[in-house]
Undergrad: 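Encoded as structure tokens, here's the structure I'll be asking about.
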Amino acid sequence: MSHRRAAGLLLLVALAARVALLAATPHLPLANDPADYQRLAVSISSGHGFGTTVVAPGGGPTAFRPPLWPLFLAGLYWVVGAHVVVARAVEVVLGVLTVALVGVLARRL
């Protein structure tokens, strides 16, 4: 089997596994980190900024969460609405792209 064919098969397996997990858990309740990212993204997309935190003592500003992921999710929510399944579908695509980029890097090394 050629390297390209094997790489394509690996990407298909990565995609199938992620899509299967998404399909099997469409109403997955958010807790811990995902719930906090969701809260931040909804707050930002509705124009309220990062808002108060549930992590820092007293609920003040914090640098506990990196800002780019909530900002990315907020942009997505601004376009399509705050739908967790859509965010998880985007994560499926990003996960498969990560597998592809790691494969490219491994091949180069």
Side-chain angles (χ1 to χ4, degrees):
M1 181 182 296
S2 73
H3 290 295
R4 286 183 188 251
R5 190 174 187 132
L9 182 60
L10 182 63
L11 286 177
L12 282 176
V13 168
L15 177 64
R18 285 167 171 79
V19 169
L21 182 64
L22 178 62
T25 59
H27 303 294
L28 182 71
L30 299 178
N32 303 322
D33 290 354
D36 204 30
Y37 284 120
Q38 170 74 1
R39 179 188 61 79
L40 290 169
V42 169
S43 178
I44 295 166
S45 68
S46 61
H48 301 293
F50 279 85
T52 59
T53 182
V54 295
V55 180
T62 181
F64 188 75
R65 300 279 180 226
L68 290 182
W69 185 244
L71 288 170
F72 174 80
L73 285 178
L76 178 67
Y77 289 171
W78 186 76
V79 173
V80 300
H83 303 290
V84 175
V85 174
V86 173
R88 291 181 65 207
V90 168
E91 289 174 339
V92 164
V93 173
L94 293 175
V96 173
L97 286 174
T98 300
V99 170
L101 290 173
V102 168
V104 168
L105 179 63
R107 178 90 170 126
R108 296 209 53 160
L109 291 175

Undergrad: Could you see if V80 belongs to whatever hydrophobic cluster contains W69? Use Ile, Leu, Val, Met, Phe, Trp, Tyr and a side-chain cutoff under 4.5 Å.
TA: yes
Undergrad: Using every non-hydrogen atom in the two residues, find where A41 and A74 come nearest and quote the distance to one decimal.
TA: O-CB, 3.6 Å
Undergrad: Is L15 linked to L11 within one hydrophobic cluster, defined over Ile, Leu, Val, Met, Phe, Trp and Tyr using a side-chain heavy-atom separation of less than 4.5 Å?
TA: yes
Undergrad: Are V96 and V19 connected into the same hydrophobic cluster when the rule is that any two of I, L, V, M, F, W, Y join if their side-chain heavy atoms are below 4.5 Å apart?
TA: yes
Undergrad: Rounded at 0.5 Å granularity, tell me how far CG in L73 sits from CG in L68.
TA: 11.0 Å
Undergrad: If you apply the rule side-chain contact (heavy atoms from CB on, under 4.5 Å), what do you find for R18 with V13, and how did you get there?
TA: CA-CA 9 Å; R18 285 167 171 79; V13 168; over 6 Å; no
Undergrad: Measure the spacing between CZ of R65 and CG of L40 and express it to the nearest 0.5 Å.
TA: 7.5 Å
Undergrad: For the atom pair CD (E91) and CG (L76), what is the distance rounded to the nearest 0.5 Å?
TA: 9.5 Å
Undergrad: Could you tell me whether the side chain of T25 reaches within less than 4.5 Å of the side chain of R88, counting heavy atoms only?
TA: yes
Undergrad: Of all heavy-atom pairs between V99 and A14, which one has the smallest distance, and what is that distance?
TA: CG2-CB, 4.0 Å
Undergrad: Between S43 and F50, is there a side-chain heavy-atom distance shorter than 4.5 Å?
TA: no
Undergrad: I'd like to know if the side chain of S45 reaches the main chain of W78, judged simply by a donor and an acceptor atom lying under 3.5 Å from each other, with no hydrogens or angles considered.
TA: no
Undergrad: Do P66 and Y37 have side-chain heavy atoms sitting under 4.5 Å apart?
TA: yes
Undergrad: Do L105 and L101 touch side chain to side chain, with heavy atoms closer than 4.5 Å?
TA: no
Undergrad: I'd like to check V86 versus Y77 (side-chain heavy atoms, cut-off strictly below 4.5 Å). Are they in contact?
TA: no
Undergrad: Can you find a heavy atom in the side chain of I44 that is under 4.5 Å from one in the side chain of R39?
TA: no
Undergrad: Check whether any side-chain heavy atom of H27 sits under 4.5 Å from a side-chain heavy atom of V84, and report yes or no.
TA: no
